*Asks:* 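Have a look at this one.
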Amino acid sequence: MRYRIDGVLQEVLKRDVKLIRPIVARIKAMAKMKLEEKRRPQDGRIRLKMGEKRIDVRVATIPTVYGEKVAMRILDRSAIELKLDTLGFEEESLEAFRRAIRNPNGIILVTGPTGSGKTTTLYSALQELNSIEVNISTVEDPVEFTLHGINQVQVKEDVGMTFAAGLKAFLRQDPDIIMVGEIRDLETAEIAIRASLTGHLVLSTVHTNTAASTVTRLINMDIEPFLIASTLLVVASQRLVRKICENCKTEYEPDKSVLMDLDPENPDRFEGVKFYIGKGCEKCFGTGYKGRAGLFEVMPITKRIRELILKKAPTFEIEQAAIEEGMITLREAGIRKILRGITTPDEVLRETKME
């Protein structure tokens, strides 16, 4: 049994193999899954009450050669503060993102790998926009947290309720703002574009590694570049890095090669900088880290970038233009957090690519 604590798996328990089946059967019963079905993947949900707190546990099973594997994801609304200010945006990036979400129409995309906090960022944006005067609708898979005053729809592909079907239905519901859990196919992308062209603000996610590569991904979906250029407002790419445990935080001297890897073009910027690391204590389970912060790369779609999109410019050209116009890259956002003593060079190198 392993727990993923702050994004990293840690072994916490070993049990006799004979106990696996009864444990899995008990979990499946609690999640209201079919106990006799062991050959196909299943999804379920367990609702728990711990004191005054209500906690949802999402359960997914999959058959493996040694029996069923179970993954359980804890959804605790009280543990997450849905505010853009607390997510880890650099000041300039947050200002650019906020400017974009205040537009009456257009598309805002948040990108990054699974588990990088994209949904939390979108929820935080919706929370900031949420008011009596605004009709907000979302279609999600799954609905992770219920937000007061927002119409949330759960994707159910077995009955035809897909992202695209939900989006089509929303357009007859007079929404001001629409959130689509993920744009994963051409049909969903086309409906999202149509919605933005008819006066709606659309927020969604795409699985890409950087903000600039999102444009290339959309073009590869066969979306016309002129539609991307005329509807896209901003793309935010994000990662999560572990924060140094404040209880065992101590100063240390990193290897020179690590600093060279961090910023090969300007390693001198680290002269005289104090670096910190967590020694490991009871509060952080000996890891030296406790909690996580976001790294954000926010790329507003400016006139220059629109022109590059129309020309189908390669990703590196779009990225270079965005940097010249002031975009803070994921690596630079990470370096700034190192300089403020929030995280370590190893964490930033693990989560960001070379520029």
Side-chain angles (χ1 to χ4, degrees), residues 1-12 73-74 79-81 86-94 110-121 207-213 236-299 319 323 327-355:
M1 184 183 287
R2 293 180 292 173
Y3 291 163
R4 189 178 290 281
I5 301 171
D6 291 334
V8 177
L9 282 170
Q10 297 175 32
E11 190 173 274
V12 291
R73 186 174 180 184
I74 299 165
I80 297 175
E81 193 176 9
T86 62
L87 299 182
F89 279 96
E90 297 303 310
E91 196 175 326
E92 306 97 302
S93 300
L94 180 56
V110 179
T111 82
T114 303
S116 59
K118 299 186 297 294
T119 305
T120 301
T121 300
H207 280 284
T208 57
N209 290 322
T210 63
S213 63
S237 181
Q238 71 178 83
R239 298 290 187 279
L240 290 174
V241 290
R242 292 181 292 172
K243 296 197 289 187
I244 301 166
C245 173
E246 291 296 331
N247 191 56
C248 60
K249 188 174 182 178
T250 185
E251 199 176 322
Y252 89 115
E253 192 64 43
D255 195 275
K256 289 277 191 292
S257 63
V258 172
L259 301 182
M260 183 62 75
D261 287 343
L262 265 180
D263 194 345
E265 291 181 9
N266 188 20
D268 294 341
R269 71 186 294 187
F270 301 114
E271 286 292 327
V273 171
K274 289 183 178 179
F275 291 88
Y276 296 92
I277 199 168
K279 288 189 297 185
C281 63
E282 287 183 8
K283 287 192 176 181
C284 62
F285 305 102
T287 64
Y289 298 98
K290 190 165 177 60
R292 289 191 288 177
L295 304 182
F296 292 88
E297 178 179 277
V298 177
M299 184 178 81
E319 186 167 78
I323 291 168
M327 181 181 81
I328 297 168
T329 62
L330 288 166
R331 174 62 62 87
E332 178 59 29
I335 289 171
R336 291 188 184 191
K337 282 186 168 52
I338 293 168
L339 297 178
R340 294 202 296 271
I342 294 169
T343 191
T344 63
D346 288 343
E347 271 297 288
V348 172
L349 289 171
R350 187 170 67 89
E351 289 294 338
T352 63
K353 72 173 185 70
M354 289 290 293
E355 304 305 337

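None of these values were measured; they are calculated from a predicted model.
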*Asks:* Stepwise, does the side chain to side chain contact (heavy atoms under 4.5 Å, CB included) test hold for I338 with F270?
*Replies:* CA-CA 10 Å; I338 293 168; F270 301 114; 5.5 Å; no
*Asks:* With sequence neighbours excluded, what pairs up with D263 under the salt bridge (charged side-chain N to carboxylate O under 4.0 Å, His left out) test?
*Replies:* R269
*Asks:* Atom CZ in R2, atom CD in Q10: separation rounded to 0.5 Å?
*Replies:*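 Output value for this atom pair is 11.0 Å.
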*Asks:* Name all residues meeting the side-chain contact (heavy atoms from CB on, under 4.5 Å) criterion together with K243; count only those two or more places apart in sequence or in a different chain, and write none if there are none.
*Replies:*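 Applying side-chain contact (heavy atoms from CB on, under 4.5 Å) to K243 gives A293, I342.
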*Asks:* Can you find a pair of side-chain heavy atoms, one from T121 and one from F89, that are under 4.5 Å apart?
*Replies:*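 Yes, at least one pair of side-chain atoms sits under 4.5 Å.
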*Asks:* For T114, which residues count as a side chain to side chain donor-acceptor pair (under 3.5 Å) partner, sequence neighbours excluded?
*Replies:* none
*Asks:* With D255, which residues qualify under side chain to side chain donor-acceptor pair (under 3.5 Å), at least two apart?
*Replies:* S257
*Asks:* Do you know the tightest heavy-atom contact between A236 and V298?
*Replies:* CB-CG2, 4.1 Å
*Asks:* Give the minimum heavy-atom separation between L330 and L295, together with the two atoms involved.
*Replies:*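 Scanning both residues completely, I find the closest heavy atoms to be CD2-O, 3.4 Å.
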*Asks:* Determine whether R239 and N209 make a side-chain contact, defined as any pair of heavy atoms from C-beta on separated by less than 4.5 Å.
*Replies:* yes
*Asks:* Checking E246 now: which residues fulfil side-chain contact (heavy atoms from CB on, under 4.5 Å) with it, not counting sequence neighbours?
*Replies:*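 Checked E246 against side-chain contact (heavy atoms from CB on, under 4.5 Å); matches are K249.
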*Asks:* Please find the pair of heavy atoms, one from E297 and one from A211, that lie closest to each other, and give the distance.
*Replies:* OE2-N, 3.0 Å
*Asks:* Minimum heavy-atom separation for P345 and V258, please, with both atom names.
*Replies:* CB-CG1, 3.6 Å
*Asks:* Does E90 have any side-chain contact (heavy atoms from CB on, under 4.5 Å) partners at least two apart in sequence or in another chain, and if so, which?
*Replies:*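 side-chain contact (heavy atoms from CB on, under 4.5 Å) list for E90, sorted by chain: E92, S93, I328, A333, R336, K337, R340.
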*Asks:* Taking Q238 for the side chain and G117 for the main chain, is one N or O donor matched with an acceptor at less than 3.5 Å?
*Replies:*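 Between the backbone of G117 and the side chain of Q238 there is a qualifying donor-acceptor contact (under 3.5 Å).
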*Asks:* Which distance, rounded to the nearest 0.5 Å, do you find between the OG of S237 and the CE of M299?
*Replies:* 10.0 Å
*Asks:* Hey, could you give me the CE/CG distance between M260 and N266, rounded to the nearest 0.5 Å?
*Replies:* 10.0 Å
*Asks:* I'd like to check the side-chain contact (heavy atoms from CB on, under 4.5 Å) partners of R350; sequence neighbours left out, ordered by chain and number.
*Replies:* V8, R242, E347
*Asks:* When the side chains of residues 275-289 are checked against the rest of the protein, which donor-acceptor pairs come out under 3.5 Å, sequence neighbours left out?
*Replies:*
from, atom 1, to, atom 2, distance (Å)
T287, OG1, C284, O, 2.7
T287, OG1, Y289, N, 3.1
T287, OG1, Y289, O, 3.1
Y289, OH, T344, OG1, 2.8

*Asks:* List the residues meeting side chain to side chain donor-acceptor pair (under 3.5 Å) with T208, not counting sequence neighbours, and say none if there are none.
*Replies:*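 By the side chain to side chain donor-acceptor pair (under 3.5 Å) rule, T208 matches T111, T214.
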*Asks:* Can you establish whether the number of heavy atoms outside I74 located under 6.0 Å from its atom CD1 is more than 12?
*Replies:*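 Not buried by this count: 12 neighbours or fewer within 6.0 Å.
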*Asks:* Please identify each residue that fulfils side chain to side chain donor-acceptor pair (under 3.5 Å) with T343, with sequence neighbours left out.
*Replies:* none
*Asks:* Can you tell me if E265 has over 12 outside heavy atoms packed within less than 6.0 Å of its CD?
*Replies:* no
*Asks:* Testing the basics here: between L240 and S116, what is the closest heavy-atom pair and its distance to 0.1 Å?
*Replies:*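 Closest approach of L240 to S116, heavy atoms only: CG-O, 3.4 Å.
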*Asks:* Tell me, yes or no, whether the heavy-atom count around Y252 atom OH, taken from other residues, nucleotides or ligands under 6.0 Å, exceeds 12.
*Replies:* yes
